[in-house]
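This report concerns only the one structure given below.
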Amino acid sequence: MKIRFYFLTLLSGAIMATTGCSKDNTEPIRYKLGDYWPDPQVVYDPDWPGTVSSGTGAQGIVFWLDETEGYDAATGKGIHGKIISLEQVFLPWGPEGQDEQAAGVQGIRSWEYGYTATRNMIAKYCENANFATEYPVFNWIYEKNGRRPGELYLPALNEMEELNAFLYGRTNIDHDRGRQINAAILAAGGHSIIPTAEGYYYAFWTSTEVYTEDPDPACGGIRKCSKALATYEICLDLSSMCNNVRYCRTF
């Protein structure tokens with residue numbers, strides 16, 4: 001069961017924690033939106049998706065740049081930003097009705113930055129015998145991080161709004177733009193971020209937990225936010241539902 005809201009894109013204000021540097025650690029690598037990361041010069045074989053012709057294979061696509069430090073407005077390039085993963089899975093968020101804020105998970109109701117919530121969710125539950133089945137989204141990210149604290153995280157709601165703006169624009173939904181970016185993801189061997197059928201969209205889990213004023217008996221008013229890409233729609237979902245998942249990381 002979804003509760004749907006419509007409003008305009010919110011701006012993300014997360015602070016970057018790491019610096020992207022060149023291989024010789026002397027000159028920072030500068031990225032523009034849509035570049036592969038970590039090697040913006042990587043070339044893929046057009047006949048064999050995911051096969052690198054030259055350069056280093058991508059871990060993701062740059063979808064946001066920090067314009068407060070090391071950003072060149074003339075070229076639209078920066079040294080700090082965020083990537084979205086090439087991979088995509090379809091999983092439940094966690095147990096229905098579980099109030100993670102009340103359980104002591106710091107950052108879980110942040111709309112800005114999902115890193116803190118992800119780290120704290122994993123730290124709190126990863127030793128549980130049923131972690132993989134109770135919290136499939138966070139277990140997936142935990143595994144991708146090598147079963148240790150890592151840089152990959154589930155994006156918060158505003159970060160998914162920024163991804164939506166990157167894919168489709170901020171004011172009018174530009175499907176051609178989305179298809180061009182999706183083509184770059186597919187070329188790198190990634191999973192399609194847009195549906196193949198016209199008129200459909202993918203909803204993606206975020207790390208953001210909310211409390212609704214109209215409690216549902218199934219969840220006691222506790223829901224998790226998902227973002228429907230290619231729309232201005234935000235959904236408040238039961239956490240036992242399956243939605244799409246991609247991870248973020250900062251650089």
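All figures in this text were calculated on a predicted structure; none of them were measured in a lab.
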Would you say L163 and L186 are hydrophobically clustered, going by side-chain heavy atoms of ILVMFWY under 4.5 Å? no
Considering non-hydrogen atoms only, spot the tightest contact between R223 and L236 and give its length. NH1-O, 3.0 Å
Quick one: do I181 and F166 satisfy side-chain contact (heavy atoms from CB on, under 4.5 Å)? Show the steps, please. CA-CA 9 Å; I181 296 166; F166 163 66; 3.6 Å; yes
In R170, K82, K227, the residue satisfying salt bridge (charged side-chain N to carboxylate O under 4.0 Å, His left out) with E162 is R170
Got T118 and F138 here, is their nearest side-chain heavy-atom distance under 4.5 Å? yes
Side-chain donor/acceptor of T208 to backbone N/O of L157, under 3.5 Å: yes
Are side-chain heavy atoms of V137 and L154 found at a separation under 4.5 Å? yes
Using atom types as modelled and distance alone, determine if a side-chain donor or acceptor of N130 lies under 3.5 Å from a backbone N or O of T133. no
Quick one: which residue pairs count as a salt bridge (charged side-chain N to carboxylate O under 4.0 Å, His left out) with a foot in residues 118-129, not counting sequence neighbours? none
Do I79 and Y31 come close enough that some side-chain heavy atom pair is under 4.5 Å? no
Do T231 side-chain atoms and A228 backbone N/O form a donor-acceptor pair below 3.5 Å? yes
Are F63 and Y202 connected in the hydrophobic side-chain network, where two residues link if heavy atoms are under 4.5 Å apart? yes
Assess the side chains of E159 and Y153: does a donor N or O sit below 3.5 Å from an acceptor N or O? yes
Determine yes or no for a side-chain-to-main-chain donor-acceptor pair under 3.5 angstrom, with W93 supplying the side chain and C225 the backbone. no
Report yes or no: does D72 contribute a side-chain atom to a donor-acceptor pair with the main-chain N or O of A74 at less than 3.5 Å? yes
Donor-acceptor pair, side chain of S85 and main chain of G60, under 3.5 angstrom: no
If every non-hydrogen atom of W37 is compared with every non-hydrogen atom of V62, which pair is closest and at what distance? CB-CG2, 4.2 Å
Do M121 and F131 belong together in a cluster built from hydrophobic side chains that touch within less than 4.5 Å? yes
How long is the straight-line distance from CG of D39 back to OG of S54, given to the nearest 0.5 Å? 8.0 Å
Would you say the side-chain atoms of S239 pair up with the backbone N or O of K224, donor to acceptor, closer than 3.5 Å? no
Would you check if there is a donor-acceptor pair between the side chains of N158 and E112 at a distance under 3.5 Å? yes
Could you tell me if the side chain of F251 sits less than 4.5 Å from the side chain of E151, heavy atoms only? no
Please determine whether side-chain contact (heavy atoms from CB on, under 4.5 Å) holds for the pair T75 and K32, giving the CA-CA distance in whole Å, both sets of side-chain angles, and the decisive distance to 0.1 Å. CA-CA 8 Å; T75 62; K32 65 180 184 300; over 6 Å; no
Salt bridge (charged side-chain N to carboxylate O under 4.0 Å, His left out): pairs with one or both residues in residues 136-150, sequence neighbours excluded: E87-K144, E143-R147
So do the side chains of T250 and Y115 get within less than 4.5 Å of each other, counting heavy atoms only? no
Between T116 and S110, is there a side-chain heavy-atom distance shorter than 4.5 Å? no
Taking the six-membered ring for Trp and the full ring for Phe, Tyr or His, determine whether the centres of Y44 and Y36 are under 6.0 Å apart. yes
Would you call the rings of Y125 and Y135 parallel, tilted or perpendicular, where under 30° means parallel and over 60° means perpendicular? parallel
Starting at CD1 of I185, measure out to CG of L86 and round the result to the nearest 0.5 Å. 6.5 Å
Looking only at heavy atoms, which two atoms of A156 and Y113 are closest? And how far apart? CB-N, 3.6 Å
Taken to the nearest 0.5 Å, the spacing of T206 OG1 from N243 CG works out to 9.5 Å
Of all heavy-atom pairs between S226 and A203, which one has the smallest distance, and what is that distance? OG-CB, 4.3 Å
Are H175 and Y168 an aromatic pair, judged by ring center distance below 6.0 Å? yes
Any side-chain heavy-atom pair of W64 and H80 under 4.5 Å: no
Using the rule given for side-chain contact (heavy atoms from CB on, under 4.5 Å), can you reason through I193 versus Q88, listing the C-alpha separation, both sets of side-chain angles and the distance that settles it, and then say yes or no? CA-CA 8 Å; I193 201 168; Q88 182 170 310; 4.0 Å; yes
I84 side, atom CD1; I61 side, atom CD1 - distance, nearest 0.5 Å: 10.5 Å
Set out, in order, the CA-CA distance, both residues' side-chain angles and the distance that settles side-chain contact (heavy atoms from CB on, under 4.5 Å) for R246 and F204, then state yes or no. CA-CA 8 Å; R246 289 185 185 240; F204 286 81; 3.9 Å; yes
Could you give the distance from CD1 (I173) to CG (N164), rounded to the nearest 0.5 Å? 5.5 Å
Closest contact, heavy atoms only, D35 versus P40: OD2-CB, 3.7 Å
Do you know which two heavy atoms are closest between A102 and D99, and how far apart they sit? N-OD1, 2.9 Å
Roughly how far, to the nearest 0.5 Å, is CZ of F90 from CH2 of W205? 10.0 Å
Quick one: are L167 and L229 in side-chain contact, heavy atoms under 4.5 Å? yes
